[in-house]
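Lettering of chains follows the sequences in order, A, B, ..., and the numbering in each one begins at 1.
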Number of protein chains: 4
Amino acid sequence: MIKIGIVGATGYTGSELVRLLYNHPEAEIRIITSESRKGEYFSDVHPHFQGLADIELQPAFKILEEELDVVFLALPHGVSMEYVEKYGGAGFRMIDLSGDFRLSGPDVYTSWYSKKHSYPQGFKKAVYGLPELHREAIRRSRLVANPGCYPTSAILGLAPLVKANVIIPGQVVIDSKSGVTGAGVKAKPTTHYSNVSDNFKAYGLKRHRHTVEIEEQISGLSAEGPMQVQFTPHLLPVDRGILSTIYTQPRERMTENQLRSIYAEFYDGHPFVRLRKEPPALKDVRGSNFCDLFVTYDERTNRIITLSVIDNLVKGAAGQAMQNMNLMFGLEETTGFMAVPLNP
Amino acid sequence: MIKIGIVGATGYTGSELVRLLYNHPEAEIRIITSESRKGEYFSDVHPHFQGLADIELQPAFKILEEELDVVFLALPHGVSMEYVEKYGGAGFRMIDLSGDFRLSGPDVYTSWYSKKHSYPQGFKKAVYGLPELHREAIRRSRLVANPGCYPTSAILGLAPLVKANVIIPGQVVIDSKSGVTGAGVKAKPTTHYSNVSDNFKAYGLKRHRHTVEIEEQISGLSAEGPMQVQFTPHLLPVDRGILSTIYTQPRERMTENQLRSIYAEFYDGHPFVRLRKEPPALKDVRGSNFCDLFVTYDERTNRIITLSVIDNLVKGAAGQAMQNMNLMFGLEETTGFMAVPLNP
Amino acid sequence: MIKIGIVGATGYTGSELVRLLYNHPEAEIRIITSESRKGEYFSDVHPHFQGLADIELQPAFKILEEELDVVFLALPHGVSMEYVEKYGGAGFRMIDLSGDFRLSGPDVYTSWYSKKHSYPQGFKKAVYGLPELHREAIRRSRLVANPGCYPTSAILGLAPLVKANVIIPGQVVIDSKSGVTGAGVKAKPTTHYSNVSDNFKAYGLKRHRHTVEIEEQISGLSAEGPMQVQFTPHLLPVDRGILSTIYTQPRERMTENQLRSIYAEFYDGHPFVRLRKEPPALKDVRGSNFCDLFVTYDERTNRIITLSVIDNLVKGAAGQAMQNMNLMFGLEETTGFMAVPLNP
Amino acid sequence: MIKIGIVGATGYTGSELVRLLYNHPEAEIRIITSESRKGEYFSDVHPHFQGLADIELQPAFKILEEELDVVFLALPHGVSMEYVEKYGGAGFRMIDLSGDFRLSGPDVYTSWYSKKHSYPQGFKKAVYGLPELHREAIRRSRLVANPGCYPTSAILGLAPLVKANVIIPGQVVIDSKSGVTGAGVKAKPTTHYSNVSDNFKAYGLKRHRHTVEIEEQISGLSAEGPMQVQFTPHLLPVDRGILSTIYTQPRERMTENQLRSIYAEFYDGHPFVRLRKEPPALKDVRGSNFCDLFVTYDERTNRIITLSVIDNLVKGAAGQAMQNMNLMFGLEETTGFMAVPLNP
């Protein structure tokens, strides 16, 4: 059994981790921590866990008193780095679900997150936890930087095209639409029911932090060096799910079949990516770790359109973290992922 | 392994059965049938099953060619009775998810369903499949009439009070609110998005078929003989879930503690009923087989209010059917029910 | 032209007042105040008013510098009473949209609002602003206490039955379901999108403040003296609208026709109450000042069911306030109410 | 008074026309027709109009028996053309809300609508009813082809840039998201509540009919001749509203201020286009005839992003039709448009 600690219990990623690990046959949650709710039960904070996870919440430092194999950090951006620094020397591996170690280094971090990084040494140790790109490195890693939700959907949609070197680097538009849980559990005007329901809007134009995360990862696959993307997030009146509509231009005219082969080859052996024959909908993956992809070629305009759909809390956060854990501990990547998507 | 056939694949109950049975360690789905979509794959009809249940749909008569232990009938009301009659002599047990055998006999059926029953003999064989009331009979049954969704929520909320004989029989008001999936998968004006979204209404006042189903079951628990209830269903702009607000009057003044003891005692040993300290919400049980109950006493008015919450597709349909299957085959009632409620 | 001041601009009632008054041919908004956003424009706070109401927000004391006929107080409970006391001697009339002067006196206020009232003298001056009950008194009033949203729906549903003295006083159950805007504009966990969307729950059982407001008003119509009601509010995943399902018991058996006559007679000459032939839905009144009623008699159980639907921000708040203003200034009750309900 | 006939009463555009015209001081609806519901009342079909529009529905041919100034055709695509042909010689003007006469001629129609046009002569008479582009021609027209909803949002977002000749013609991506009412009132799987709610998907990739409508209109503004666009529609879980996110590339580097000037100049004197300082949301225009635009320049990528928001039933259909009517009859463009957007 893998002995597990979860630091940060009150948010959606923490709660989702417990939901997924609860069904994992090799996982044993030994401790869940929360500074703000310590002493209460996990099922007080998340009442739907009553009878399933009536676990008392501990202060974070208690993770040192348990014998743990891996610790998931489900903490806000900027807070995680302190924990990585502090507990880096402890015996357990760490999977960090924040954005603190996803980028290539402290300078690019500062430039996009507008603050100094308190633990720049961490970047060298961290592996970007997207198994479809870095499976081997994740297996050996002791610190995984779990990808952002938007980047997961965008990178998985773009990677085959970039790797196959068939698209023009400067012509990449990623129009993404996300459910509200991506904005966190905290009540704020942007997540107030009547501001979201029956509504829709774009936000974070031009300078969203996930832009650079996408660019760094796909640039790493590119034969042509650094790639820029135009990324625009939108807020959907749904709980879960991201759909990215990705527009690219091929260097030369292509066929639909060529495109499908490129995707099929790239994702051969990757159990969580499903290539779809029809445009996928958010609910097709809800609650599951799937990334559903659809690609098509517009002959009229000579443009490629890729649709990429994930559940932002699963493949975009907690599920991917558990997938990474499976790799780190030599398990089948799919172990414990029994859930059929909940639709409707 | 329990060898399973599912008759009726295109609706929500059929799809939900496959979702739940997919994770059941002792279940093996041998055949899924559909007259309207035979020859297609189950995952063509329900694309979120791609890669999970790419099973070719068969015509119904093929269930006789398989060696089956149990057949689930996920068919419309009025259609199921033909199958029960036709296949009653085959070697398998049957769990019927329609309303065809839930009532006590053909006369009451005709009176509330406004049509003649084509297989009146079936009523005697059928056991009403609410495990919290009829566990032993279900274990021995070869034909289970799986309860309606509203009745499940209402009966589980009322049963302890009726059994304890503490309420006045004529004063029972059940105000129920259901998600849209209860109305089925078929597109019709009542389920058209813009008629439901941001909207709410009552329907089926006074003569809803579930009224008599509730009355018959609680009357069976009553020391006072037949009980009438006032039942009003409403349509919520949500996919899944029923919340019933149940108003009753105690014969004598009571305390909150007395009430809670009555419920705790009644549900002792019933793993899917959770007694809650706070009013439960639909999402607390979404995707799971739980029925969450909350009961309180209003001293000012001398009235009891019970809140009962289920997922109509799980505890109100497919989950309860699987729970019944577990009982019929000598398994733990909870076998295969691994899902933590999906919230949010 | 009626010269108008609005105190409190940031909430939904303030914004809704401006929306409605904008189309009123005899209304002229002279000042809108906000302590927290003064100096900003009304259309900065509510961007959908850009180009329509680009009015600079003033501090509240400025209402004394304008020549005003009427001031609407769109303030939180407990704050309004200070303004009523402070500005009671000014030349304008006041319509208070808070709960501060809706009850009969300071004692009952303290008992249900759990705090002392700072201006008990105000109760004697205030008229309860439900035109269908108190039209003449409203016409003469200088201080109108605009009714609560739930009470408006409940009282309008019950009043004809109570006035006609046909129901048993102790057997009144009001099961109400409200949209989220009733909880205000402020972000809090209860109005967080993912806590509301695809969800449903009861709250405020037994002790909701609107209970006493309903009881006092219908008791005033009763030949039998004080009446108690069982009132339970629920939170719907919709923006606007309240549907109350009201269960009562007639003293003697009745007919559907008798019931309809009672309602038709009571609401004769009241332009905003529509008696419906079918159960009304929330969207049938959205954005409008209508209260749609449906009444039916269950012969089987000898019970009356009344359905009452309003838009909580219009007939339940700002619209009713404007209706009261029309009465106070000798206008037709319907002046300025041009909006057809927005459906869908 | 303008004497009005409305042909087609059961759909959303018909109902929305009545809602808007109801408040128009110069409009008098003389007849509403419906073949499928003739003899019933308009308020039977749309119950929220009870007491407001209790008008008996007539068969269509009756429009010849009324003395009418203008007839609105609220009919399905392919049906409208018959009426235009049949009634073209009658004394009234026509505003056709279908797609039958929006394109430049029968060949392009056949190519995108995949069927022959039965009245090709109509194209020469028809004026494309987008007042911000064709105000003068609309004034003189006897047949207005009211624009599609997506094209309205897209063209109004693109027109200033094309007219100013600052963007590269081949690099236009329009990613549009629409509410469900755009798909019509008829129940079908794509508009089934549980297929839409908490869900999101793209559809009609590459070959949506609105693509060519957009291309023809902006090509008409272009100094460079024909322009192609990449247009992708998506289905939002909302009732009303379209948001188009439009990506273009300037020929040379620009400033934000230059962009804003281009838009401000283009829309000077156009009362329904609002230039916004922040990204607009759907609810900012709900129920109103506004088109809210936001434009920004990404220096990093040298790309322009324009956001365009409308209510698809108002500015995208019935509202624009009424705006066209105002122009055709010499009224102020804004006559009768009193509604403040309904938000929330």
(message) Would the distance check show the side chain of C:E216 and the main-chain N or O of C:S104 forming a donor-acceptor pair, the cut-off being under 3.5 Å?
(response) yes
(message) Under a 4.0 Å threshold between the charged nitrogen and the carboxylate oxygen, would C:K206 count as salt-bridged to B:E256?
(response) yes
(message) Applying the side-chain contact (heavy atoms from CB on, under 4.5 Å) criterion to B:T245, which one of B:T306, B:I305, B:I174 satisfies it?
(response) B:I305
(message) Can you tell me which portion of B:Y247 sits under 4.5 Å from chain C's heavy atoms? Options are side chain, backbone, both or neither.
(response) side chain
(message) Could you check whether any side-chain heavy atom of B:S178 comes within less than 4.5 Å of a side-chain heavy atom of B:Y150, counting everything from C-beta outward?
(response) yes
(request) Could you have a look at C:R300, C:Q249, C:R207 and say which one has the most heavy-atom pairs with chain B under 4.5 angstrom? (result) C:R300
(request) Please work out whether the ring planes of B:H46 and B:F49 are parallel, tilted or perpendicular, with thresholds of 30° and 60°. (result) perpendicular
(request) May I ask you to decide if B:P280's main-chain N or O and B:D292's side chain share a donor-acceptor pair within less than 3.5 Å? (result) no
(message) Taking side chain as everything from C-beta outward and backbone as N, CA, C, O, which of these in B:E278 sits under 4.5 Å from a heavy atom of chain C? Side chain, backbone, both or neither.
(response) neither
(message) Which one wins on heavy-atom pair count under 4.5 Å against chain B: C:K283, C:H234, C:R240, C:E299?
(response) C:K283
(request) Give the member of C:D284, C:D175, C:V309 that has the highest number of heavy-atom pairs under 4.5 Å with chain B. (result) C:D175
(message) Heavy-atom pairs under 4.5 Å with chain B: which of C:D239, C:L307, C:N302, C:L235 has the most?
(response) C:D239
(message) Ignoring hydrogens, what is the shortest heavy-atom contact between C:A318 and C:L20? Give both atom names and the distance.
(response) C-CD1, 3.8 Å
(message) Whether the C:Q171 and C:T248 side chains hold a donor-acceptor pair (N or O, under 3.5 Å, no angle test) is what I'd like checked.
(response) no
(message) Counting only non-hydrogen atoms closer than 4.5 Å, can you tell me which residues of residues 181-197 of chain C sit against chain B?
(response) C:S194, C:S197
(request) Decide, yes or no, whether a salt bridge links B:E213 with B:R209 under the criterion of side-chain N to carboxylate O below 4.0 Å. (result) no
(request) Side chain from CB out, backbone as N, CA, C, O: work out which of these in B:F294 comes under 4.5 Å of a heavy atom of chain C, or both, or neither. (result) side chain
(message) With a 4.0 Å cut-off on N to O distance, would you call C:D198 and B:R286 a salt bridge?
(response) yes
(request) Decide whether a cation-pi geometry holds between C:R274 and C:F290; the criteria are a distance under 6.0 Å from NZ or CZ to the six-membered ring centre and an angle within 45° of the ring axis. (result) yes
(request) Please look at B:V172 and chain C and tell me whether the side chain, the backbone, both or neither of the residue comes under 4.5 angstrom of a heavy atom of that chain. (result) backbone
(request) Could you have a look at B:P237, B:A281, B:G241, B:P279 and say which one has the most heavy-atom pairs with chain C under 4.5 angstrom? (result) B:A281
(request) Taking the side chain as every heavy atom from C-beta outward, state whether B:H208 and B:Y203 have any atom pair closer than 4.5 Å. (result) yes
(request) Using a 4.5 Å cut-off on heavy atoms from C-beta on, say whether the side chain of C:N199 contacts that of B:V238. (result) no
(message) Does anything in residues 220-230 of chain C reach chain B? List residues with heavy atoms under 4.5 Å apart, or say none.
(response) C:Q228, C:V229, C:Q230
(request) Using only heavy-atom distances, determine whether the side chains of C:D298 and C:T301 contain a donor-acceptor pair under 3.5 Å. (result) yes
